[in-house]
**Q** 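Structure below; questions to follow.
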Amino acid sequence: MANILRTRAESIAKAEPLKLVVHNTPTTDPDTLALIHDLRVHKIELEMQNDSLQVSQVRLQASEERYFKLYNLAPVGYCTLNSQGIVLHANLTTTLLLGINQPNLYQVSLATFFTEEDKDDFYRFCHKICQDKIDINAPLVRVMKMHNGVGSVFWANIVGAYAESDNKDAEIRLVLTNVTEHQNDVEEIRRLAFFDHLTGLPNRRLLVDRLDHALMTAERTGRFAALMFLDLDHFKILNDTLGHSMGDLLLQAVATRLESSLREGDSLARLGGDEFVILLENLDACGRVAATQTEMVANKILAQLNEEYHLHETDYHISASLGIVMFTKGHSSVDELLKNTDVAMYQAKQAGRNTVRFYDPKMQAAVEQRNRLEKELRQGMVEKQFVLYYQVQTDIEGEVVGAEALVRWHHPQRGLLLPAKFITLSEETHVILGLGQWVLEEACTQLTTWSKHPQMKHWSLAVNVSALQFAQENFVDTVVKALRDSGATPELLKLELTESMLIHDVAGLIDKMRAIRSLGIGFSLDDFGTGYSSLSYLKRLPLDQLKIDQSFVREVTSDENDAVICQTIVALGHNLGLNVIAEGVENVAQYQFLLSVGCDHFQGNYFSCPVKSELLPVQLLPIQRPYNHS
């Protein structure tokens, strides 16, 4: 550059020759002229340098202004801290992020803008940068929570690197970016991936992760942990009768109660449907003590769930069955634990529900048998393996006035199966819908056949209807169709409803009953006294008959309480204008007592066992005729 300026100065000097006059005489001395020329060239060169410097200064100032604007208006925050985290410099974006003016930000510790849970992380972040002299080409990156001057919290992506000042002092250069929206998206994706959308509880994926951790903890500490599998009893009935929206409300309420029942540090997850899993960790190292601790939590859970639920304007009761597996050091895998708790839960179901069962390896065979039975049950419907048996019903004179239709399953390998072996499973698998409809249609056809027999044409026929079947929107239509297709007399058909149906949508139940009753069909309330019916509901139901459950009849002559219950049910029925029938009458003593308290009709093996239609006793033989109460 200097050579270029020199050359240009020489050119300018030559273009304008200098005439030097001393004492009015031109100077022609070559040395003098050369010296003067050099001085002149040097002067021109200095002037050109000055002009160049001025231009460079203008350009530098413009460049600095552009840099300042870019630095301040960059979409990310830039700031420089000393080794103690004090702000030395910051751009405008940083001050906007933090909600503070630049002068007020300087000489302030940046840590004051981090939330309490992330403040220590920020100190460690700065310490690592200075200690390891993190290079700008491989900066340290963290995402932490910060807050601004007005208290709003945001997620910040922080990129940090080591630098030195002109005085060789350690400095930290940071780039801050507000990534709240992105982080919220990440959190939402995580929530969708690991949490149940309805209850907000962890789902199976997160549960498996926690179980893995629990197994490692048990291996390390030798202390017991427990895994509980909880399934609500008869939840499908709620969904089918009141709708899925009410079912969702109940699941949310159950989740809330479960959370309140657990200890701090316990885990709760929803697997789907009405299935929940509870993980109890850090129990006692002694198996017996740990089991006792677990059982106490389990019983507390059942007690909480048994309390009444208020779902909009509907009061509802529900129970749960709970299976438990204990595990400690050297125990099985996550999959094995989940499988075993499932088995234990089914053991609780088979024990009568609303109870707790610890895992018993023998139950595995029972579960596998249940699965096989379900497949065979569906196949049985396809292959028409079901038949109807009938048990007669008599009046106080011992005359047959009707019968009850009782379904039986002719199992290809296991022989004739009673309802106790398959009805519950058919309800749980919804096979009861098809089976119940078949029973109704077959019963109506049987009524038509009896109508052609002079001694049977006035018999009534009682048919059991499941809650699930009755809850179907088209149930009334299916009854009408069965009557129309068979030609049966509606007044001789009697539908038996169970008392447990009264805990659901009573108003809807009454509407359907009235629609069916308008056809001439009667109603009997089965198993009366064993359920949860309210007398206020009972008086509203369009019933014709109450049926005393056989559990009260069985010891009516030896148990004073059963005797009082039977007498009370008869009196209640008569006061409500209802006929009363007792089932399970096995001997003359039971029959005599029931007659003495005014019972109207009777059913049981004392009169006739359930038989096929062609074997029904049209008229009871004298040896079978019951005691003449007159």
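Just so you know, residue 1 is the first one in the sequence shown, and it goes up from there.
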**Q** Identify, with sequence neighbours excluded, every residue that meets ring-ring contact (aromatic ring centres under 6.0 Å, His included) alongside Phe386.
**A**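 Phe386 satisfies ring-ring contact (aromatic ring centres under 6.0 Å, His included) with Trp409, Phe422 once adjacent residues are dropped.
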**Q** Looking only at the side chains, is there a donor atom on one of Asn354 and Asp233 sitting less than 3.5 Å from an acceptor on the other?
**A**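 No, Asp233 and Asn354 have no side-chain donor paired with an acceptor closer than 3.5 Å.
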**Q** Return each pair, listed once, that meets salt bridge (Lys or Arg N to Asp or Glu O under 4.0 Å) where at least one residue sits in residues 417-439; pairs must be two or more places apart or across chains.
**A**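 Those involving residues 417-439 are Arg353-Glu428, Arg370-Glu428.
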**Q** What residues form a side-chain contact (heavy atoms from CB on, under 4.5 Å) with Asn157, not counting sequence neighbours?
**A**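 In terms of side-chain contact (heavy atoms from CB on, under 4.5 Å), with neighbours along the sequence ignored, Asn157 is linked to Val141, Val143, Val159, Thr177, Val179.
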**Q** Taking only residues two or more places apart in sequence or in another chain, which ones pass side-chain contact (heavy atoms from CB on, under 4.5 Å) with Glu583?
**A**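 Checked Glu583 against side-chain contact (heavy atoms from CB on, under 4.5 Å); matches are Asp526, Asp527, Lys547, Asp549, Gln550.
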**Q** Working to the nearest 0.5 Å, report the span between CE of Met246 and CG of Leu250.
**A**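 So the gap between those two atoms works out to 9.0 Å.
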**Q** Answer yes if the side chains of Asn605 and Gln391 hold a donor-acceptor pair under 3.5 Å, and no otherwise.
**A**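 Looking only at side-chain atoms, Gln391 and Asn605 do form a donor-acceptor pair, the distance falling under 3.5 Å.
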**Q** List the residues meeting ring-ring contact (aromatic ring centres under 6.0 Å, His included) with Phe114, not counting sequence neighbours, and say none if there are none.
**A**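 Expected list: Phe122.
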**Q** With sequence neighbours excluded, what pairs up with Tyr390 under the ring-ring contact (aromatic ring centres under 6.0 Å, His included) test?
**A**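 For Tyr390, the residues satisfying ring-ring contact (aromatic ring centres under 6.0 Å, His included) (neighbours in sequence not counted) are Trp450.
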**Q** List the atom pairs, donor and acceptor, that lie under 3.5 Å between side-chain atoms in residues 410-418 and the rest of the protein, sequence neighbours left out.
**A**
residue: His411; atom: ND1; partner: Gln413; partner atom: N; Å: 3.1
residue: His411; atom: ND1; partner: Arg414; partner atom: N; Å: 3.0
residue: His411; atom: NE2; partner: Glu376; partner atom: OE1; Å: 2.7

**Q** Under 6.0 Å from the NE2 atom of His182, do we count more than 12 heavy atoms belonging to anything else shown?
**A**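 Open.
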**Q** In terms of side-chain geometry, is the basic nitrogen of Arg142 or Asp121 positioned less than 4.0 Å from the acidic oxygen of its partner?
**A**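 No, no charged N to carboxylate O under 4.0 Å.
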**Q** Surrounding NZ of Lys481 (heavy atoms of other residues, nucleotides or ligands, distance under 6.0 Å), is the total greater than 12?
**A**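 No - once you tally the heavy atoms of other residues, nucleotides and ligands closer than 6.0 Å, there are 12 at most.
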**Q** Has Arg357 got its NZ or CZ under 6.0 Å from the middle of the six-membered ring of Tyr346, at an angle within 45 degrees of the ring axis?
**A**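 The answer is no; the distance or angle limit is not met.
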**Q** How would you list, by chain and number, every residue that makes a side chain to side chain donor-acceptor pair (under 3.5 Å) with Lys329, sequence neighbours excluded?
**A**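 Lys329: no side chain to side chain donor-acceptor pair (under 3.5 Å) contacts found.
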**Q** Please lay out, stage by stage, how Leu337 and Leu211 fare under the test side-chain contact (heavy atoms from CB on, under 4.5 Å).
**A** CA-CA 9 Å; Leu337 285 174; Leu211 263 177; 4.1 Å; yes
**Q** Is there any salt bridge (Lys or Arg N to Asp or Glu O under 4.0 Å) pair reaching into residues 263-276, and which pairs are they, with sequence neighbours excluded?
**A**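 Of all non-adjacent pairs touching residues 263-276, those that pass salt bridge (Lys or Arg N to Asp or Glu O under 4.0 Å) are Asp196-Arg270, Arg263-Asp266.
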**Q** Does Val297 form a side-chain contact (heavy atoms from CB on, under 4.5 Å) with Met228? I'd like the steps, not just the answer.
**A** CA-CA 10 Å; Val297 175; Met228 300 182 179; 4.2 Å; yes
**Q** Just wondering, are more than 12 heavy atoms of other shown residues or ligands nearer than 6.0 Å to CD in Glu181?
**A**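 Not buried by this count: 12 neighbours or fewer within 6.0 Å.
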**Q** For the CD atom on Glu473, are there more than 12 heavy atoms of other groups (residues, nucleotides or ligands in this structure) within a distance under 6.0 Å?
**A**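 Counting neighbours around CD of Glu473, 12 or fewer heavy atoms of other residues, nucleotides or ligands fall under 6.0 Å, so no.
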**Q** Report the residues that fulfil side-chain contact (heavy atoms from CB on, under 4.5 Å) with Ala214, sequence neighbours left out, ordered by chain and then residue number.
**A**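 Per chain and number, Ala214 pairs via side-chain contact (heavy atoms from CB on, under 4.5 Å) with Leu279, Glu281, Phe327.
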**Q** Among residues at least two apart in sequence or on other chains, which ones pass side-chain contact (heavy atoms from CB on, under 4.5 Å) with Glu116?
**A**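 side-chain contact (heavy atoms from CB on, under 4.5 Å) list for Glu116, sorted by chain: Lys119.
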**Q** Tell me, with the steps shown, if Phe475 and Phe470 meet ring pair (Phe, Tyr, Trp, His ring centres under 6.0 Å).
**A** CA-CA 6 Å; Phe475 179 68; Phe470 198 88; 5.1 Å; yes
**Q** Identify, with sequence neighbours excluded, every residue that meets ring-ring contact (aromatic ring centres under 6.0 Å, His included) alongside Phe229.
**A**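 Phe229 satisfies ring-ring contact (aromatic ring centres under 6.0 Å, His included) with no residue once adjacent residues are dropped.
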